[in-house]
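From a predicted model like this one, the values you see are computed outputs, not experimental measurements. Chain letters run A, B, ... following the sequence lines, proteins first and then strands; every chain starts at 1.
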Amino acid sequence: MDNRPSRLRLSGIAKSFSGVPALHGVDLELAGGEIHALLGANGAGKSTLIKILSGAYASDRGVIELDGAAVRIDSPKAAKELGIHCVYQEVDTALVPGLSVAENIMLDRHSAAGAGFWVDWKSLHLEAAETLRRLGADIPLHKRAGELTLAEKQLVLIARLLTEQARFVVLDEPTAPLSLEEAERLFRVMEALRAEGIGIVFITHRLPEVFRLCSRVTVMRDGRRIWTKPAAETNADDVALAMLGRRFEDEYPKLDADIGEMLLEVSGLRSGSRVKGVDLNVRSGEITAVVGLVGAGKTELSRAIFGADASSGGEVRVAGKPVRTAQPADAVRGGIALVPEERRRQGIIASDTVLRNLTLPTLGKLLRGGLLSRRREQRSADGLIARLGIKTSGYGQSVSTLSGGNQQKVSIGKWIPTDASVYLFDEPTKGVDIGAKRDIFQVIGTLAQQGKAVLYLTCEFQEAIGIADRILVMYDGAIVREFGRGEASQEELLIHASGGRGGTS
Amino acid sequence: MRANAKLTDFIFKYGSLIVIGLVILFFSLWDEHFFTYDNLASILRSISITAFVAIGVTFSLSVDGFDLSVGSTVSMVIAFSTALMVWYEMPLAVVIIGSLAIGAAVGLVNSLLIVLIRIPDLLATLAIMYVVSGLQQIFTKGNSIYSNMIMPDGSSAPGTISPAFLWLGQGELLGVPVPVALMIVAFVLVFVFFTYTRMGRQMEMTGGNEEAARLSGVRVRRIRTTAYVLSGLFAAVGGLLFAARTGSGQSGAGAPILMEAVAAVFVGYSVLGAGRPNIIGTFFGAVLIGVLLNGLTMMNVPYYSNDFIKGGVLVLALAITFIHLNRRKA
Amino acid sequence: MRANAKLTDFIFKYGSLIVIGLVILFFSLWDEHFFTYDNLASILRSISITAFVAIGVTFSLSVDGFDLSVGSTVSMVIAFSTALMVWYEMPLAVVIIGSLAIGAAVGLVNSLLIVLIRIPDLLATLAIMYVVSGLQQIFTKGNSIYSNMIMPDGSSAPGTISPAFLWLGQGELLGVPVPVALMIVAFVLVFVFFTYTRMGRQMEMTGGNEEAARLSGVRVRRIRTTAYVLSGLFAAVGGLLFAARTGSGQSGAGAPILMEAVAAVFVGYSVLGAGRPNIIGTFFGAVLIGVLLNGLTMMNVPYYSNDFIKGGVLVLALAITFIHLNRRKA
Amino acid sequence: ACGSKGGNGGNGGAPANEGEGAVKPSNAILATLGEGNDDLKGKKIALIMQFNEGAFSAQYVAGVKEQVESLGGTLQVQAAGNNLANMSSQLDAAVNGGFDGILTDHGTAEALEAGVKKAVDKGIPVVAFDANLTVPGVTVLQQSDEEMAKQLLEKMKEDIGGKGNIVKVWVAGFAPMERRQISYKAFMDANPDIKEIAHFGTADKPALDTQNQMEAILKQYPNKGDISAVWASWDEFAKGATRAIQQAGRNEIKVYGIDMSDEDLQLIQDENSPWVASIAVDPKDIGRVQARYLYQKLHGDPTDDKVVLQAVMVTRDALPKDKKINTTELGEYVEGWGKSEQGIAEWMGRSDK
Ligand SMILES: Nc1ncnc2c1ncn2[C@@H]1O[C@H](COP(=O)(O)OP(=O)(O)OP(=O)(O)O)[C@@H](O)[C@H]1O
Ligand SMILES: Nc1ncnc2c1ncn2[C@@H]1O[C@H](COP(=O)(O)OP(=O)(O)OP(=O)(O)O)[C@@H](O)[C@H]1O
Ligand SMILES: [Mg+2]
Ligand SMILES: [Mg+2]
């Protein structure tokens with residue numbers, strides 16, 4: 001192969017789904033040895049575009065050229081044969097839950113042309129271990145992929161990509177489920193790939209990452225390319241303007257709320273191997289954040305409070321009354337709502353419609369004479385679609401065909417009309433664009449104003465600092481430190497979250 | 001161009017109904033006796049048993065399960081209800097309540113295995129299918145049961161199948177056969193259940209994604225248990241109607257009904273382009289199967305072609321629907 | 001404490017094998033004729049037909065499908081192979097190749113519906129089940145076929161079932177019954193296929209998550225087609241062995257074999273705590289069913305309790321496995 | 001069907017437990033071991049059946065059991081669920097399983113031959129019912145299906161006055177059905193005035209589907225006189241047809257069906273039922289005769305290779321109008337029913353129950 005960097009060019013790509021256009025003739029250029037950011041609000045068409053590039057979808061119109069010659073990419077296999085590899089946004093669509101981590105990493109290898117007839121298990125394991133080491137990920141090779149956490153799943157997919165001889169790599173929001181530390185390791189790998197002359201498309205909603213890594217930026221809005229510029233010639237405000245079509249002001253709107261009586265009290269809660277006796281409480285009108293690194297046990301804490309996992313000790317009280325945590329239905333009756341971390345598996349019923357997803361937790365309120373009233377359902381759904389700005393072609397659309405960020409909005413939105421007094425949010429802004437993120441914070445702030453208690457679990461310290469009245473730091477299954485609003489810096493949080501400064505408080 | 005697309009969409013959406021309509025039209029033209037009130041009532045009566053079982057299957061499919069044990073529940077109820085009358089001379093109320101209790105019990109056992117031990121639905125209900133059909137055979141020692149039957153010890157049984165019971169399968173209410181009336185009431189109720197009640201909606205949502213439904217506060221265990229209990233109950237009604245219609249308790253009679261009910265539900269997937277289990281579809285699926293059996297008999301088509309024609313119509317209906325669904329998706 | 005956990009883990013993992021072992025031990029103690037070479041060979045021969053069909057079912061389950069049509073493929077091959085010999089006096093090679101071609105053709109039609117028209121597997125194969133069983137009945141006009149049979153026109157058919165063909169089902173090779181030898185070879189080959197070949201792994205990938213497999217560049221359509229064709233082929237071998245074993249072409253004989261094969265595969269889910277279709281499990285599942293049938297025949301168990309016992313053992317094996325799997329997960 | 005009857009003073013209730021002491025009161029003639037045959041006591045006998053559904057099978061098994069127990073043996077029954085391959089396997093298991101004698105019910109010659117030969121080689125006697133086995137030393141019992149069909153068809157012809165439209169309910173795929181069909185074909189060829197206007201049949205749910213299909217035919221031929229008779233080649237079909245006709249009030253149509261169980265007998269006795277005649281061998285007699293031949297073999301007697309069982313025509317006219325009878329009592333009204341003495345050897349004793 002010669003050393004001239006390869007060039008990939010998409011021009012005039014158009015695609016519509018059952019008559020609703022998602023892309024109207026988009027152009028994109030990618031050179032070997034560059035990291036090219038692809039930005040846009042939720043539903044702008046980023047994923048659709050790169051799925052066309054990687055052969056997962058067929059385009060309606062448009063041309064793809066590789067080094068000046070038009071190529072046909074009509075299947076993922078064809079894309080791979082041209083050296084185009086992709087890590088998709090929805091990790092669960094790309095993993096085989098029943099197979100081991102090692103096999104999932106080597107999945108592409110099984111299907112590569114000329115891979116031979118027999119499977120060599122020994123070298124397969126060796127190579128899988130090697131790529132994981134490159135990523136600095138510590139995941140047991142024999143574990144079934146279905147048992148991994150979201151972050152681990154994401155790492156497996158990235159590892160899979162590293163096993164291939166790629167010329168172009170597409171990463172669709174790979175950092176969304178990762179902690180800063182893991183994201184940092186990913187960036188080092190990306191830089192190494194760039195150094196080998198590989199061209200990378202990088203999709204993210206975290207703008208700082210863009211300016212840290214990328215040489216060029218393309219912004220999309222509503223299925224069109226707005227512009228492509230060198231990263232040095234633009235800035236976050238410029239990008240936000242292009243993405244949202246309006247100026248973006250304050251990322252963390254902080255609404256004033258009266259902090260009142262104690263609503264949520266958790267004492268001595270234990271669950272699984274990750275929640276080791278947690279005490280915490282949240283007052284009415286208060287937003288309390290729980291921060292911690294990946295694996296600290298935040299997700300398991302929220303699930304234990306909600307009764308999604310069995311707890312092995314401790315108590316949860318809402319407004320002074322103990323709540324059974326045998327199953328989520330009990331917690332819901334007790335006034336708790338949870339927006340779970342893995343929306344696709346846990347937050348939405350993908351095969352069903354937007355309307356029916358949005359009304360599921362509140363069906364009891366939509367009855368008339370004991371029967372469901374279609375009018376009331378529609379009114380409730382309309383309200384939520386408007387309030388959260390869910391981009392949908394109608395409430396009959398199947399949620400599986402919404403863009404990732406809009407699915408997340410459905411997962412949040414369905415809880416808003418409930419009578420819950422305690423809201424648990426587990427990483428609700430993963431995969432959500434900056435505009436929508438603000439909308440979500442606004443929603444959370446409004447909930448607090450209405451006198452609800454909010455527990456906000458996140459590994460993004462910046463967010464916690466931005467919106468929380470109080471921040472609890474979780475480390476190894478326990479709360480190790482508490483800060484009031486404005487008391488903590490990111491660095492300080494990180495130190496405690498890593499068990500530093502003596503590890504205890 | 002646009003109008004054209006609309007037309008094909010229409011054909012696809014109503015494709016299965018059109019197929020059913022054409023089949024009926026064809027038979028009506030072939031033989032003037034086909035499209036008469038009497039014969040249509042006959043057809044509906046002939047499908048009523050399968051229809052009840054198919055409603056049961058629809059429930060289990062709606063929670064993304066599958067109840068293979070309904071056929072053996074039918075057999076069990078046939079044997080049990082007739083034995084109560086013939087062996088023990090029990091009054092009608094006891095017979096009916098006892099039979100429904102058996103259906104519910106089978107449903108409970110199924111859901112115990114599925115919900116508590118978390119055995120996948122097909123596996124659990126296949127095992128229970130064998131268990132229940134075994135229990136039925138042990139209960140009757142493999143015998144069929146009929147009025148004043150001769151017992152293994154040579155004596156004759158004291159009871160008969162009561163006329164009130166037979167009326168359930170053979171009687172008429174204002175000119176409508178009783179099983180047809182029951183079936184229509186059942187379909188309407190179940191339709192209302194799925195469309196307008198909270199529990200019906202929760203069932204379908206549980207079927208769509210159990211974990212997400214659970215995390216939305218749906219008591220999924222209770223919902224799935226309910227679905228299997230309802231499945232057992234409707235199968236039990238099917239068994240009662242079978243016994244009332246034939247007036248005797250044939251051993252193992254329910255097994256073939258399973259396949260027929262499943263076929264009805266699957267034809268139903270096609271109705272209105274739903275592509276998934278739905279109660280209106282189940283009704284039309286059952287009708288189609290009844291119409292075919294009746295019409296082909298009238299046409300004097302060799303009996304051995306029935307399966308082929310049934311399969312062909314099924315393929316046609318499914319193909320129309322799924323070509324449509326996939327065109328829409330792509 | 002730790003050792004204890006290990007022990008229970010062991011019991012769970014090998015639970016089904018232990019159940020099988022206990023059943024064998026029990027029968028051996030009960031009747032000295034049970035654990036003899038002759039009888040064990042008989043058992044293996046008795047399961048060979050079910051085993052081939054069960055391998056077919058394993059293929060379709062491994063791509064997360066389900067082939068309900070294997071039973072009717074068996075019936076079709078039984079009718080076809082015997083008819084070729086009895087009606088047309090065809091040589092053995094033609095009979096075998098023709099039969100395998102039929103199996104492959106049924107698999108192709110299934111995959112056409114499933115892969116191209118994207119009809120869900122259960123629905124498509126149920127429809128094809130009816131079509132194929134209908135074709136078989138039309139082909140034979142519902143008759144059974146036997147050597148020099150009397151044709152509907154009163155004449156006598158020219159051919160007989162050839163001894164070479166019968167040898168396939170009834171002969172021995174170095175003291176091992178031929179169908180047993182074939183079965184063992186088949187299991188070993190299929191085991192190697194799933195464990196050590198690319199295509200076998202691709203099948204499991206496709207079954208585990210079709211979308212992921214497709215995105216990885218697996219030609220999932222081709223893989224699923226292959227799985228269904230293999231399913232049809234193995235069912236065809238099952239049919240050939242059936243015809244060779246019974247020496248005649250019983251009409252519709254395949255239908256009950258479907259359920260038995262499915263039961264074998266499902267018992268197999270439990271083996272080694274896999275919780276999913278696996279070829280080793282299918283083997284042991286088939287063995288368990290054969291052992292039960294044989295042992296219960298020897299014991300003085302009333303014939304009508306067979307189903308109950310079969311179901312009970314199935315429930316036991318499944319419960320052990322899934323309690324285990326869920327403990328591990330929780 | 002209603003009205004209870006005196007019967008044998010049995011108080012009914014749940015079926016009495018089978019097993020010890022349950023040799024039943026019956027009008028039949030049973031053989032006993034007689035004097036000096038104590039070495040034949042306690043024989044283990046296996047009965048392998050192709051299927052066990054339906055009243056025929058139940059009564060047949062009862063007959064075998066009655067006779068074997070009366071001869072001091074124990075009976076072990078296995079049914080193959082209509083799967084011939086299973087039947088072969090069960091036969092193998094019985095051969096391996098140390099039984100003293102083996103009885104088979106239905107099945108095909110080809111499926112049974114290998115196992116039967118093995119049994120004969122091992123010195124285990126075999127008596128088969130209704131399978132064309134030609135293994136030397138094996139006795140085969142047969143109903144004469146062709147003869148039964150012929151007689152019943154002639155009866156039908158007589159009843160309908162030699163002409164009319166008839167409906168045939170029949171399926172192929174079972175040897176007895178196919179044999180009955182031969183007679184039917186010959187009969188139809190010989191009687192051009194009798195026309196078949198419809199034929200159907202399923203083996204799946206024979207009674208229920210026949211009922212449904214017969215209803216369709218009745219709707220298609222709605223006038224009295226359109227149909228003279230229904231020819232049902234199997235009692236399960238006759239049952240379904242009878243119910244459909246009865247419920248439609250078309251009792252002018254007569255039903256003729258082969259084989260008979262207690263349930264059938266009730267239908268035939270019912271004045272309002274169209275089923276007027278049947279022809280059959282008493283299934284219990286078949287069982288008893290078959291068991292006796294096996295004991296003859298155990299005793300070392302030479303036996304015929306083929307034994308044809310006498311069929312009996314049962315018409316409504318022959319039955320009492322004032323009371324309901326069952327097949328156990330049928331012998332009192334119909335010559336030759338339930339009283340077969342076939343197979344009783346010199347050395348056996350008798351107990352007339
Ligand atoms: N399979 C599909 N069927 C119908 N509509 C679809 C389908 N896939 C995507 N869409 C629609 O296309 C539009 C673009 O979606 P896409 O997933 O490309 O957005 P995105 O830019 O990746 O957003 P996000 O940042 O939320 O991931 C959305 O409006 C979405 O609803
Ligand atoms: N379903 C599961 N099966 C097995 N292990 C699991 C599962 N879920 C979580 N874990 C384990 O728990 C740990 C992560 O716990 P948890 O998800 O509660 O952490 P977290 O602080 O919420 O991290 P994150 O930021 O990734 O959400 C991981 O080490 C993982 O191995
Ligand atoms: Mg996206
Ligand atoms: Mg988490």
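- Once rounded to the nearest 0.5 Å, the distance linking CE of B/M298 with CD of D/E215 reads 10.5 Å.
- Heavy-atom contacts from other residues, nucleotides or ligands closer than 6.0 Å to OH of D/Y333 number more than 12.
- Per-residue counts of heavy-atom pairs under 4.5 Å with chain D were compared for B/T36, B/D38, B/N306; the largest is that of B/D38.
- Remark: side-chain polar atoms of D/E263 are not paired, donor with acceptor, to backbone N or O of B/Y146 under 3.5 angstrom.
- The candidate with the highest count of non-hydrogen atom pairs below 4.5 Å against chain D, out of B/P163, B/S248, B/A253, is B/S248.
- Each of B/E32, B/E260, B/R245 has some count of heavy-atom pairs under 4.5 Å with chain D, and the biggest count is that of B/R245.
- A side chain to side chain contact (heavy atoms under 4.5 Å, CB included) with B/T297 is found for exactly one of D/Q220, D/Q213, D/H199, namely D/Q213.
- To the nearest 0.5 angstrom, B/T50 atom OG1 is 7.5 Å from D/L208 atom CG.
- Only the side chain of B/D31 has a heavy atom closer than 4.5 Å to any heavy atom of chain D.
- For chain B, the nearby parts of D/V171 are the backbone and the side chain; heavy atoms of each come within less than 4.5 Å.
- A distance of 6.5 Å separates NE2 in B/H33 from CG in D/N223, rounded to the nearest 0.5 Å.
- Only the side chain of B/I49 comes within less than 4.5 Å of a heavy atom of chain D; its backbone N, CA, C and O stay farther away.
- With a 4.5 Å cut-off on non-hydrogen atoms, D/I197 touches chain B through its backbone but not through its side chain.
- Listed options B/N294, B/V86, B/T246 were ranked by heavy-atom pairs under 4.5 angstrom with chain D; first place goes to B/T246.
- Summarising the geometry, atom CE belonging to B/M299 is positioned 15.5 Å from atom CZ belonging to D/F200; distances are rounded to the nearest 0.5 Å.
- Interface remark: B/F34 contributes no atoms to any contact with chain D (heavy atom separation under 4.5 Å).
- By number of non-hydrogen pairs under 4.5 angstrom with chain B, the leading residue of D/A79, D/G201, D/A216 is D/A216.
- In summary, the side chains of D/K219 and B/S42 do present a donor paired with an acceptor at a separation below 3.5 Å, with no hydrogens or angles considered.
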